[in-house]
Asker: 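Below is the structure I would like to discuss, written out as structure tokens.
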2 protein chains.
Amino acid sequence: MRNNLRDRNRKPTHPGTILREDVLPALNMTQVEFAERLGVSRLTVSELLHEKRALSPEMAVRLGRLLSTTPDSWLAMQSTLNLWQALHELPELAEIVPLRASA
Amino acid sequence: MRNNLRDRNRKPTHPGTILREDVLPALNMTQVEFAERLGVSRLTVSELLHEKRALSPEMAVRLGRLLSTTPDSWLAMQSTLNLWQALHELPELAEIVPLRASA
DNA sequence: TATCATGTAACCTACTGGATTACAGTATAC
DNA sequence: GTATACTGTAATCCAGTAGGTTACATGATA
């Protein structure tokens, strides 16, 4: 419970962080080779690693195939981040009145 | 297991289906009022109900607030569908060679 | 020194969520 | 039967973004 509260205030980890800090080092592979194997440009990989762009469903499938993981695990990280951003960066959403409160 | 295999071949349900078939009828509410309470235009609701567009993270938060549900449950439906579409509608992704197969 | 890997910027394309406006059809109310 | 409301749909605009290409500067390394 306290963890949930804390987690909700903490910005979720961008999937690029995992790729940059864990996956690529463990593979001992350059970004260039990683991009080639994924079938995308070097820039797409670089910008993803540096959290300049979101991890798309298409990229989740690419990673899943290359790394033999479930695409879901990658996309779920991004979705969690997207939700957090919507909650925190769109203050107008707070004006929506729950139906239970107006019934 | 058999269910998983079967589920992977079946196109996941669009979140708009649930809104159209279950949520709105249960609320006994017009699309116009639903849209007003969500703070979006009538068209945004109509097109979502008819699966003409995806359910965005922003909309997931709106629905979560209005309906007192978790935004995650809505966004997860869309993510599952997005993944299924990437897997089935982008045949070039099948050309990615898993690292475990080339080691 | 020459090569490779990387970060970054500029620019382009295609797609998409959302808003607005408009029109046609179907109800329902009077 | 007429008016009002709800709905589906189309056209148009805008902003954001994933991905590509090209180019340049830098750092590391052979």
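Here the structure is a predicted model, which is why all the values come from computation and not from measurement. Within every chain, numbering begins at 1; the chains are lettered A, B, ... in the order of the sequence lines, protein sequences first and strands thereafter. The figures that follow rest on heavy atoms only: side chains count, while hydrogens, waters and symmetry mates do not.
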Asker: Looking only at side-chain N and O atoms, does B:Ser41 come under 4.0 Å of OP1 or OP2 in C:dG18?
Answerer: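 Answer is no, no contact under 4.0 Å.
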
Asker: Considering just the side-chain nitrogens and oxygens of A:Ser46, establish if one lies under 4.0 Å of OP1 or OP2 belonging to C:dT8.
Answerer: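 Negative; the distance criterion is not met.
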
Asker: State, yes or no, whether a side-chain contact exists between A:Met29 and A:Leu24 at a heavy-atom distance under 4.5 Å.
Answerer: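 They are in side-chain contact.
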
Asker: D:dT17, OP1 or OP2 - any side-chain N/O from A:Ser56 closer than 4.0 Å?
Answerer: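 Answer no for this pair, as no side-chain N or O of A:Ser56 is under 4.0 Å from OP1 or OP2.
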
Asker: Does the side chain of B:Val23 reach to within under 4.5 Å of the side chain of B:Leu63, using non-hydrogen atoms?
Answerer: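 With C-beta onward as the side chain, the pair stays apart.
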
Asker: Given atom CG of B:Leu19 and atom P of D:dT7, what is their separation to the nearest angstrom?
Answerer: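 Going from CG in B:Leu19 over to P in D:dT7 covers 14 Å.
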
Asker: Measure from CD on B:Glu51 to C1' on D:dG8 and round the result to the nearest Å.
Answerer: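 After rounding, the reported distance stands at 14 Å.
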
Asker: Could you give the CD-to-P distance, from B:Glu47 to C:dT21, as a whole number of Å?
Answerer: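 Whole-Å distance recorded here is 16 Å.
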
Asker: Quick one: does A:Thr44's side chain get under 4.5 Å of A:Arg53's, heavy atoms only?
Answerer: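 They are in contact (side-chain heavy atoms under 4.5 Å apart), so the answer is yes.
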
Asker: In whole Å, what is the span from the CG atom of B:Leu49 to the P atom of C:dG18?
Answerer: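 Answer to the nearest Å: 13 Å.
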
Asker: For A:His50 and for B:Glu58, find the nucleotide of DNA chain C with the closest heavy atom, then tell me which residue's nucleotide is more 5'.
Answerer: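 Upstream on the strand: A:His50.
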
Asker: Counting only side-chain N and O atoms of B:Arg42, is one of them less than 4.0 Å from OP1 or OP2 of D:dT7?
Answerer: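 Answer is no, no contact under 4.0 Å.
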
Asker: A:Leu55 has an atom CG; how far is it from atom C1' of D:dA18, in whole Å?
Answerer: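 It is 11 Å, rounded to the nearest whole Å.
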
Asker: Taking any heavy-atom pair under 4.0 Å as a contact, classify B:Thr44: base, sugar-phosphate, or nothing.
Answerer: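 Counting heavy atoms under 4.0 Å across all strands, the contact made by B:Thr44 is with sugar-phosphate only.
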
Asker: What nucleotide among D:dT22, D:dA11, D:dT7 has an atom nearest to a side-chain atom of B:Leu43?
Answerer: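 Closest nucleotide to the B:Leu43 side chain: D:dA11.
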
Asker: Whole angstroms only, please: what is the NZ-P distance between B:Lys52 and C:dG18?
Answerer: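 Distance check: B:Lys52 NZ to C:dG18 P gives 15 Å.
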
Asker: Look at the side chain of A:Arg53 and decide which nucleotide, out of D:dG19, C:dG18, D:dT7, has an atom nearest to it.
Answerer: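 Out of D:dG19, C:dG18, D:dT7, the nucleotide with an atom closest to A:Arg53's side chain is D:dG19.
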
Asker: Could you check how far CG of A:Leu48 sits from P of C:dT8, rounded to whole Å?
Answerer: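 Roughly 14 Å, once rounded to whole Å.
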
Asker: I need the CD-C1' distance between B:Gln85 and C:dT16, as an integer number of Å.
Answerer: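 Spelled out: CD on B:Gln85 to C1' on C:dT16 is 13 Å.
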
Asker: Given B:Arg20, which partner from the list B:His14, B:His50, B:Glu51 fulfils the side chain to side chain donor-acceptor pair (under 3.5 Å) test?
Answerer: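 Of all the options given, the one that passes is B:Glu51.
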
Asker: Which nucleotide wins on minimum distance to the side chain of B:Gln31, given the candidates C:dG17, D:dT7, C:dT6?
Answerer: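 Nearest listed nucleotide: D:dT7.
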
Asker: Other residues, nucleotides and ligands only: do more than 12 of their heavy atoms fall within 6.0 Å of CG on A:Asp22?
Answerer: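 It does: A:Asp22 CG has more than 12 such atoms within range.
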
